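As structure tokens, the structure follows; a few thoughts come after it.
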Amino acid sequence: MSEKIYITTAIPYVNGVPHVGHAMDYLLADVCGRYYESIGDTVRIQAGTDEHGNKIFQKAKELGLPTQEYVDKNAKKFQDFISRLGVEYTDFVRTTDPKHEKRVQEIWTRMKDYIYLSKYEGWYCTGCERFITDKEYEENNGVCPDHQKSYEKLVEENYYFRISDFKERIRKAILSREMLILPEFREKEILRLLDESPDVSISRPREQLTWGVPVPGDDTQVMYVWIDALSNYITVLGYPEKDISDFWPACAQFVGKDILRFHAIIWPAMLLALGLPLPKTLVSHGMVLSNGQKMSKSIGNVIDPIEVLDKHGTDAFRYFFLRHIDTFADSDYTSEKFEDAYNNELANDLGNLVQRLATMCSKNNFMFDDEPAIVFPDEYSELMNEFKFKEAFDFVWTKVQAANKKIDDKKPWILAKENRLDELDEVLTELVLDLKVVSQMLLPFLPETANKIIEVFAGKIEPPKEPLFPKK
RNA sequence: CGUGGGGUAGAGCAGCCUGGUAGCUCGUUUGGCUCAUAACCAAAAGGUCAGUGGUUCAAAUCCACUCCCCACAACCA
């Protein structure tokens, strides 16, 4: 019955600091992983960092740091951030790791039948040393605003990956749900994009891109992001020298909706070229908005996740982002919503429930002779299996509220006063059992809190010395 | 005519696929309780379900058109 489960997160580009948005990938993967662990599966969760490319090279130069030193520093920041979220990963991959680089080159070689050399022609700015899009060209009337120079038509050679060879196969995999795309409504979008997807350029001349993995067998070319970054999901497992069939195909790959297309088109094409199975599920989550808008430095509405974590703690952060930020759609973050959720739901509903029930048990010397077995309600399991974490979390909360209601209905304090001890014992048994189930269901979402609750109601019951969530 | 998503009580959302008394959470008002972190429970107020037309005995739900918002359009989570 026990299965081997592999879960992946997107690897962020490390030219900046960790962002609230990055947290979504990690949290969703962590919840998923902890859930499967709780039902007895063996779980591997990958995380990592994308560290090649010009932007990083330039940023390091600006800061006067050796490039490797710069990415080392930033990779560390992301690792620290993930730990602060209470997320437990088993594998961490960095694209500048020589092992990854060597594996990527081997992957390239194995894909060779589907790679060809071709010319790219476009507008180029000699000042910026980069190609610009047609749209940009039009907006700037053909003159670079930074350098006051006219754009030039330039032709360069790139290697291309022949995606067209795999389109039909990918389409079939999507339609047959062999590779399930969640949420469902994104499927249509991807199928449409699949039709239009041209072959993808996967290398750049060395003069243009120095910080990257060299193309095997061609000193003049360096790999562009796709092959290098997307491969991380399997190089981290040891592919190609190791047999990865224990954990691959992945049970779920979590990505932001903005990069779903690459994971649903280029990535499957790569896997097919390598003769590997496709991931079972691609879960694309929405973006976190700040006061109704996309976060952006120019608007100045960027939320610093570290600040929120410092102020409210890991579980409160997890609570808000897992329950009030929709798993699939964009959702708005405001500090008022966060405070409301914290005070009303964590402190009042859950924290207070634990407190009042534990106090009653303690006063009446209630405890279980034998620890009862915990069974998850079907509804919860179904939602978790469908990656509907927010809804599963909502379901848990209905149980929290039901427990509060049950206390009010049954009025255990009256039973105690009137010395109706059998009835009291029955009510407390029921309530404590309810709460034990709640704490187990809560484990993937709020591991720290869930463990505290489990501890409170194990053996001799005493209320927690410190409130679980002190009101603020 | 780019593609996709959305417009439902003050706010945030569910319901729409599989038509049949409009539901949840927060907020507001009132009442109850006292075990508890002045927490908890209950009740009430509050909606012409963006608009127009169509199909139907019946439409938030299906169809057509219109208006408005958002995201994406080769890497800015």
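Note on naming: letters A, B, ... go to the chains in the order of the sequence lines (proteins, then strands), and numbering restarts at 1 for each one. Note: hydrogens, waters and symmetry copies are ignored here, and every other heavy atom, side chains too, is used. This structure is a prediction, so every number in the text was calculated from the model and none was measured.
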Qualifying residue, where the test is side chain to side chain contact (heavy atoms under 4.5 Å, CB included) with A/Val400 and the options are A/Leu353, A/Asp434, A/Leu442:
A/Leu353

What's A/Pro463 touching, base or sugar-phosphate or nothing? Going by heavy atoms closer than 4.0 Å.
nothing

Kindly write out the residues that satisfy side-chain contact (heavy atoms from CB on, under 4.5 Å) with A/Phe262, not counting sequence neighbours, or none if the list is empty.
A/Trp226, A/Ile259, A/Ile266

Interatomic distance where NZ belongs to A/Lys410 and C1' belongs to B/G32 [whole Å]
19 Å

Sugar-phosphate, base or nothing in reach of A/Lys363, heavy atoms under 4.0 Å
sugar-phosphate

Check whether any side-chain nitrogen or oxygen of A/Lys411 sits under 4.0 Å from OP1 or OP2 of B/C41, and answer yes or no.
no

NA contact type, A/Met24, heavy-atom cut-off 4.0 Å: base, sugar-phosphate, or nothing?
nothing

Ignoring hydrogens and angles, state whether a donor on the side chain of A/Thr8 or A/Gln253 is under 3.5 Å from an acceptor on the partner side chain.
yes

Just by modelled atom types, is the A/Val427 backbone N or O under 3.5 Å from a matching donor or acceptor in the A/Lys410 side chain?
no

Checking contacts here: which listed nucleotide (B/G5, B/G4, B/G12) is nearest the side-chain heavy atoms of A/Glu189?
B/G4

With sugar-phosphate meaning primed atoms plus P, OP1 and OP2, does A/Val20 contact a base, only sugar-phosphate, or nothing at under 4.0 Å between heavy atoms?
nothing

Taking B/G4, B/C40, B/A36 as options, the one with an atom nearest any side-chain atom of A/Asn404 is B/C40

According to side-chain contact (heavy atoms from CB on, under 4.5 Å), who are the partners of A/Lys452, at least two apart in sequence or on a separate chain?
A/Glu448, A/Leu468

At less than 3.5 Å, do the side-chain atoms of A/Asn348 and the base atoms of B/A39 form a donor-acceptor pair?
no

Please report, rounded to the nearest Å, how far the C1' atom of B/A71 is from the CG atom of A/Leu289.
9 Å

For the residue pair A/His324 and A/Ser331, what are the closest heavy atoms and their distance?
O-CB, 4.0 Å

Which residues, if any, of residues 252-265 of chain A bring a heavy atom under 4.0 Å of RNA chain B?
A/Lys257, A/Asp258, A/Arg261

Any base atoms under 4.0 Å from A/Phe469, or only sugar-phosphate, or nothing? Heavy atoms, all strands.
base

Taken in chain and number order and not counting sequence neighbours, the residues that satisfy ring pair (Phe, Tyr, Trp, His ring centres under 6.0 Å) with A/Phe328 are none

Just the atom pairs and distances: protein N or O near nucleotides 42-44 of chain B's N or O, under 3.5 Å.
{"unit_1": "B/A42", "atom_1": "OP1", "unit_2": "A/Lys405", "atom_2": "NZ", "d": "3.4"}

Give every residue pair that meets the salt bridge (charged side-chain N to carboxylate O under 4.0 Å, His left out) criterion with at least one member in residues 338-357 of chain A, sequence neighbours excluded.
A/Lys311-A/Glu339, A/Arg323-A/Glu345, A/Arg356-A/Asp408

Not counting sequence neighbours, which residues clear side-chain contact (heavy atoms from CB on, under 4.5 Å) with A/Lys167? List them please.
A/Ile163, A/Leu194, A/Ser197

Distance in angstrom units between A/Ile56 CD1 and B/C76 C1', rounded
12 Å

Sequence neighbours excluded, which residues qualify as side-chain contact (heavy atoms from CB on, under 4.5 Å) partners of A/Ala273?
A/Met111, A/Tyr114, A/Phe161, A/Phe166

Listing for RNA chain B: consecutive Watson-Crick or G-U pair runs of at least 3, distance cutoff 3.5 Å, ranges ordered by first number, gives B:2-7 with B:67-72, B:10-13 with B:23-26, B:28-32 with B:40-44, B:50-54 with B:62-66

Among B/U34, B/G5, B/C40, the one nearest A/Trp413 by side-chain distance
B/U34

Residues at least two apart in sequence or cross-chain that pass salt bridge (Lys or Arg N to Asp or Glu O under 4.0 Å) with A/Glu391, listed by chain then number, are none

Looking at residues at least two apart in the chain, or sitting in another chain, which of them share a salt bridge (Lys or Arg N to Asp or Glu O under 4.0 Å) with A/Glu189?
A/Arg186

Using a cutoff of under 3.5 Å, can you pull out all pairs of nitrogen or oxygen atoms linking the protein to nucleotides 25-29 of chain B, with atom names and distances?
{"unit_1": "B/C26", "atom_1": "O3'", "unit_2": "A/Asn344", "atom_2": "ND2", "d": "3.1"}
{"unit_1": "B/G27", "atom_1": "OP1", "unit_2": "A/Asn344", "atom_2": "OD1", "d": "3.4"}
{"unit_1": "B/G27", "atom_1": "OP1", "unit_2": "A/Asn344", "atom_2": "ND2", "d": "3.4"}

Just checking A/Asn343: base, sugar-phosphate only, or nothing, at a heavy-atom cut-off of under 4.0 Å?
nothing

Does a sphere of radius 6.0 Å around CD in A/Glu466 hold more than 12 heavy atoms from other residues, nucleotides or ligands, not counting ones at 6.0 Å or beyond?
no

Just how far, in rounded Å, is P of B/A36 from CG of A/Leu431?
15 Å

